[in-house]
Enquirer: 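What follows is a structure written as structure tokens; I'll ask about it next.
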Amino acid sequence: MKLRTARIIERLNALGEISDSKNCISRAYGTKAHTASGNLLIKWMQNISLQTYRDAIGNIRCILPSLNPNAKYFIIGSHYDTVFNAGKYDGPLGILLGLEVMQYISENNIQLPFHLSTIAFADEEGARYNTAYLGSSTISGHFDRCWLNRTDDHGVSLKEVLEANGGQVVNIDSDSIAREQLLGYFEPHIEQGPVLCNEDLSVCLVNGIASQTRVDVHWTGINGHAGTYPMNHRNDAFCAASEFSLAVEQIGKYNSDKLVATIGKLNIMPNTPNVIPGKVEHTLDIRSKDSSFLVEISRTLEDKAIEISKKRKIGLEWNILHSTPSVQCDEGLNQLIRNGMKKAGIHKTLEIPSGAGHDAVMISRIAPVSMLFIRCQEGISHNPLEYVTSEDIEKSLEVCDNFVHELIHQNS
Ligand code: HGY
Ligand code: MN
Ligand code: MN
């Protein structure tokens, strides 16, 4: 166990060295660093002589086949893209735990009643094209072709990047996995919150994943001279966006028991000190455990934006980029994880919801899903201070091993 844990840590560090930025970890979809990290994963998978391949969108898949050719697939997975200025555990830890479980099964010649696969998803964060789950949407058959025309901050389209990395748009549809082929899905992932630290637990179960809507909001006013244009005659796009941002915060705080709302990315144009901004584009990320409440509050926020645009005579575009309902994790799989936790000496089997989105959200559309949360120091994530102790990695590896052995037993 110690050796396997050390190998995970060594690989996390190796991936953590691969970045598009000199000063921090950043591996946005389709960049040089993203491709290089994918190649490293392929190398590690091939070392375990697993059937390995990169699909059209860039998911990296490896399979340990059952002797029964008609067996179903069980997938362990997580993502290998990152946010900007990321930590090194968010995504890769789940992938590397999957590889360790598969390596142990392969080296010990354990017979599988199902094909066991680990998938490293190409884009969960959506940091480059603002549409999360590009990788897992392909697997679930929900890839929306209009995403191909989305451009990044430099005007480069998703289609160009996909093809530049050897992918063929024509293959995307055939890369999906049919529901009837799947036994289930398991995603080990850092908690990215404080609960496990507060409870002093290494791991816990996830009972569900919050619903999430991501919107692109564009405000169009009129550029003007900062020195000559009177305050009362301006169509200042940034002031409209600012008024909206404070309204979002107020509505978020008023509904803080069931809503989080974030404006995380904003472009102001022409972004020049002595020009009144005529254009502002920003994202809006809203989440709730309650899917129907999220639909309702999304409308409330859009109405608020329309009210501000009318009052200020500023143009408004409200584009919903993606919207996913809340997801329930599968009780049958969770029971096997509980058994695995007990066998690993963890008797407090806590269950918490995930406010963060995960590839399990898309895979839940074609299979029963489960997740294991792993403690990260002070719950810090999406931050270079993200950290998981070797003890917690070892404990999570033991639980992952036990869970898969329970699954093998149940299906043999
Ligand atoms: O935003 C999220 O919830 C995840 O980190 N992609
Ligand atoms: Mn993640
Ligand atoms: Mn993340």
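Counting convention: from 1, in listed order, for ligands and their atoms alike.
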Enquirer: What pair of heavy atoms forms the shortest contact from Gly379 to Cys197, and how long is it?
Expert: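 Smallest interatomic distance, heavy atoms only, reads N-SG, 3.9 Å.
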Enquirer: Are any of the side-chain nitrogens in Arg338 or Glu331 under 4.0 Å away from the carboxylate oxygens of its partner?
Expert: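 Salt bridge between Arg338 and Glu331, a charged N being under 4.0 Å from a carboxylate O: yes.
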Enquirer: For Tyr185, does its backbone N or O pair with a side-chain atom of Ser370 as donor and acceptor, under 3.5 Å?
Expert: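 Pair found, side chain donor or acceptor close to backbone of Tyr185.
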Enquirer: Mark yes or no for whether Asn255, through its side chain, and Lys258, through its backbone, hold a donor-acceptor pair below 3.5 Å.
Expert: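 Looks like no, no N/O pair under 3.5 Å.
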Enquirer: Let's go through Arg4 and Asp401 carefully: what are the C-alpha distance in whole Å and the side-chain angles of both, what is the deciding distance for salt bridge (charged side-chain N to carboxylate O under 4.0 Å, His left out) to 0.1 Å, and is it a yes or a no?
Expert: CA-CA 12 Å; Arg4 295 164 71 204; Asp401 277 343; 2.8 Å; yes
Enquirer: Val388 versus Gln377: any side-chain heavy-atom pair under 4.5 Å?
Expert: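 No, side chains not in contact.
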Enquirer: Take the Mn ion (ligand 2) and tell me which protein N, O or S atoms are nearer than 2.8 Å.
Expert: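 Near the Mn ion (ligand 2), the protein supplies His79 NE2, Asp90 OD1, His189 NE2.
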Enquirer: Quick check on ligand 1: any N or O pairs to the protein under 3.5 Å? One line per pair.
Expert:
{"residue": "ligand 1", "atom": "1 (O)", "partner": "Arg287", "partner atom": "NH2", "Å": "2.8"}
{"residue": "ligand 1", "atom": "3 (O)", "partner": "Arg287", "partner atom": "NH1", "Å": "2.5"}
{"residue": "ligand 1", "atom": "3 (O)", "partner": "Arg287", "partner atom": "NH2", "Å": "3.3"}
{"residue": "ligand 1", "atom": "3 (O)", "partner": "Gly357", "partner atom": "N", "Å": "2.6"}
{"residue": "ligand 1", "atom": "5 (O)", "partner": "Glu125", "partner atom": "OE1", "Å": "3.2"}
{"residue": "ligand 1", "atom": "5 (O)", "partner": "His382", "partner atom": "NE2", "Å": "3.1"}
{"residue": "ligand 1", "atom": "6 (N)", "partner": "Glu124", "partner atom": "OE1", "Å": "2.9"}
{"residue": "ligand 1", "atom": "6 (N)", "partner": "Glu124", "partner atom": "OE2", "Å": "2.8"}
{"residue": "ligand 1", "atom": "6 (N)", "partner": "Glu125", "partner atom": "OE1", "Å": "2.9"}

Enquirer: Centres of the Phe74 and Phe186 rings: under 6.0 Å?
Expert: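 When the ring centroids of Phe74 and Phe186 are compared, they turn out to be at least 6.0 Å apart.
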Enquirer: Ring centroids only, cut at 6.0 angstrom: are Trp219 and Phe244 within range, meaning strictly under it?
Expert: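 So the answer is yes for these two rings.
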Enquirer: Do Arg54 and Asn165 pass the side-chain hydrogen bond (donor to acceptor under 3.5 Å, both in side chains) test, and can you show the C-alpha distance, the side-chain angles, and the key distance before you say yes or no?
Expert: CA-CA 10 Å; Arg54 184 197 294 272; Asn165 286 305; over 6 Å; no
